[in-house]
Protein chains: 2
Amino acid sequence: MSGGVEWGLHCCVVLSGAGAPVPAAKLAELHDVSQSYLAKQLQLLSRAGLVRSSLGQAGGYVLTRSASEITVLDVIEAIDGAQPAFRCTEVRQRGPLATPAERCDTPCPIARVMAAADRAWRESLRGITIADLVADVSRTTPAEQLDRARAWLRA
Amino acid sequence: MSGGVEWGLHCCVVLSGAGAPVPAAKLAELHDVSQSYLAKQLQLLSRAGLVRSSLGQAGGYVLTRSASEITVLDVIEAIDGAQPAFRCTEVRQRGPLATPAERCDTPCPIARVMAAADRAWRESLRGITIADLVADVSRTTPAEQLDRARAWLRA
DNA sequence: GACTCTCGGACAAAAGTTATCCGAATTGAG
DNA sequence: CTCAATTCGGATAACTTTTGTCCGAGAGTC
């Protein structure tokens with residue numbers, strides 16, 4: 001899985017706490033990552049409709065919906081794509097004993113098992129929203145630190 | 001996920017049906033894949049203790065246990081390694097508002113969510129054995145074709 | 001003793017990931 | 001209206017992982 005997913009999730013958490021648009025450069029500085037590369041991840045989030053960018057002097061990124069309506073899976077699929085980790089190369093249709101393609105109407109058992117596992121993985125991630133992450137963060141970190149973060153974002 | 005996983009699973013299915021050791025070259029020809037590269041995957045399976053190689057003229061690979069005692073996850077972890085797809089880079093310990101390392105005794109919420117999804121994925125794959133795959137294959141393919149496969153392996 | 005086979009590492013090519021930079025377009029403030 | 005700040009998108013390069021090949025050493029069988 002792409003490392004950009006982690007950045008994207010952190011950005012969404014931060015964005016849900018900020019009341020105003022946050023420039024990409026600020027998000028990069030906050031997380032101490034390359035701002036050029038983070039920009040690319042944010043563009044992916046924007047293309048997926050999870051965030052919106054406003055141009056101009058006071059521009060930046062904002063979530064398009066409530067944090068409780070954005071799942072972790074949404075972010076992952078926006079950045080990494082929705083394609084499953086396993087892709088069947090139809091080994092059974094190759095080699096000296098290849099079964100003809102017209103017989104392969106159903107996916108091979110291996111692909112089926114992998115697809116089921118992939119569904120379980122996605123289902124687990126679909127059940128968690130950005131709001132859940134935020135709740136977890138604000139529960140485990142002291143309020144004073146959260147205030148400092150908000151102040152830093154405004155500055 | 002590495003493409004070699006698919007080959008490894010197919011090989012285990014074939015091996016469970018063959019009564020005698022099958023050389024790596026034969027497995028490669030059967031699946032029409034590079035024999036040098038497949039050899040590497042088989043070595044990984046061997047190192048993990050799933051298959052055993054016998055040397056000499058009638059040598060080849062054999063499963064070390066019953067197909068019902070080898071899970072799909074066993075094969076995946078043997079070839080791809082047991083490391084989870086997501087690895088937390090501890091973003092919270094970086095940047096101007098970094099939380100000190102001594103405060104990070106518990107994993108960050110994002111890592112926790114990812115780990116839970118990873119467990120769900122692995123649990124799903126741990127529940128399926130090579131024997132299940134074999135049963136599925138022998139149920140969906142005509143007996144005549146299975147006999148041809150067995151005959152080809154012996155030759 | 002000759003043959004067959006596996007083992008393991010070294011090595012090369014291809015693909016994907018990570019990262020950088022620059023110009024164009026857009027918006028808000030003076 | 002003009003200027004400064006900002007995002008957007010593409011082109012590009014460095015790096016890492018994956019994929020694939022090759023060959024010699026060692027071990028077993030006939």
Side-chain angles (χ1 to χ4, degrees), chain A residues 1-8 11 15 18 20-29 31-64 76 78-81 83-87 89 91 94 153 155, chain B residues 1-8 11 15 18 20-29 31-64 76 78-81 83-87 89 91 94 153 155:
Chain A
M1 156 154 30
S2 159
V5 168
E6 187 180 11
W7 300 1
C11 285
L15 251 41
V22 182
K26 199 143 218 172
L27 287 171
E29 186 188 354
H31 296 128
D32 187 25
V33 297
S34 151
Q35 84 175 42
S36 328
Y37 190 39
L38 180 63
K40 181 163 291 188
Q41 319 295 345
L42 290 171
Q43 281 171 27
L44 291 172
L45 291 180
S46 171
R47 210 171 300 171
L50 300 181
V51 303
R52 177 142 73 185
S53 66
S54 53
L55 272 46
Q57 209 167 18
Y61 283 96
V62 189
L63 294 184
T64 55
I76 293 176
I79 292 180
D80 257 18
Q83 56 197 337
F86 178 88
R87 76 194 149 111
T89 60
V91 171
R94 304 167 59 178
L153 275 179
Chain B
M1 155 155 30
S2 159
V5 168
E6 187 180 10
W7 301 2
C11 285
L15 252 42
V22 182
K26 198 142 219 172
L27 286 171
E29 186 188 353
H31 296 128
D32 188 24
V33 297
S34 151
Q35 86 175 41
S36 327
Y37 191 38
L38 180 62
K40 183 163 291 189
Q41 319 295 344
L42 289 171
Q43 281 171 28
L44 290 172
L45 292 180
S46 172
R47 210 171 298 169
L50 300 180
V51 303
R52 178 143 71 185
S53 66
S54 54
L55 270 44
Q57 208 168 20
Y61 283 97
V62 189
L63 295 183
T64 55
I76 293 176
I79 292 179
D80 256 18
Q83 57 197 335
F86 178 89
R87 73 195 152 110
T89 61
V91 171
R94 306 168 56 178
L153 275 179

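Just so you know, these numbers use all the heavy atoms, side chains as well, and skip hydrogens, waters and symmetry mates. Letters A, B, ... are given to chains in the order of the sequence lines, protein chains preceding strands, and every chain is numbered from 1.
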Checklist outcome for this item: Among C:dC7, D:dG9, C:dG8, the one nearest any side-chain atom of B:R47 is C:dG8
Checklist outcome for this item: Tightest non-hydrogen contact, residues A:G59 and A:P23, listed as O-CG, 3.9 Å
Checklist entry - Do you know which two heavy atoms are closest between B:M1 and A:F86, and how far apart they sit? => result CE-CB, 3.7 Å
Checklist entry - What does B:A24 touch in the nucleic acid at a heavy-atom separation under 4.0 angstrom: a base, only the sugar-phosphate, or nothing? => result sugar-phosphate
Report each atom pair, protein N/O against N/O of nucleotides 23-30 of chain C, whose distance is under 3.5 angstrom.
from: C:dA29; atom 1: O4'; to: A:Q57; atom 2: OE1; distance (Å): 2.8

Tell me the interatomic distance from [X], atom [atom1], to [N], atom [atom2], rounded to whole angstroms.
X     : N      : atom1 : atom2 : result
B:Q41 : C:dC7  : CD    : C1'   : 15 Å
B:L44 : C:dG9  : CG    : P     : 11 Å
B:Q83 : D:dT16 : CD    : C1'   : 13 Å
A:D32 : C:dA19 : CG    : P     : 11 Å
B:R52 : D:dA27 : CZ    : P     : 17 Å
B:M1  : D:dT19 : CE    : C1'   : 16 Å

For the residue pair [X] and [Y], establish whether any side-chain heavy-atom pair is separated by less than 4.5 Å.
X     : Y     : answer
B:L38 : B:Q35 : no
B:I79 : B:L45 : yes
B:V33 : A:V91 : no

Checklist entry - Checking B:T64 side chain against B:L50 main chain: does a donor-acceptor pair fall under 3.5 Å? => result yes
Checklist entry - Hey, is the main chain of A:W7 close enough, under 3.5 Å, to the side chain of A:Q41 for a donor-acceptor pair? => result no
Checklist outcome for this item: Taken in chain and number order and not counting sequence neighbours, the residues that satisfy side chain to side chain contact (heavy atoms under 4.5 Å, CB included) with A:A39 are none
Polar atoms only, N or O, under 3.5 Å: list the protein pairs with nucleotides 20-23 of chain D and their distances.
from: D:dG20; atom 1: O6; to: B:K40; atom 2: NZ; distance (Å): 3.2
from: D:dT21; atom 1: OP2; to: B:S34; atom 2: OG; distance (Å): 2.3

Item to check | Toward the 5' end of DNA chain C, by each residue's nearest nucleotide, A:G4 or B:Q43 | outcome: B:Q43
Next on the checklist: Are there over 12 heavy-atom neighbours, none belonging to A:R94, within less than 6.0 Å of that residue's CZ?
Outcome noted: yes
Checklist entry - So does B:S2 get a side-chain nitrogen or oxygen closer than 4.0 Å to the phosphate oxygens (OP1/OP2) of D:dT17? => result no
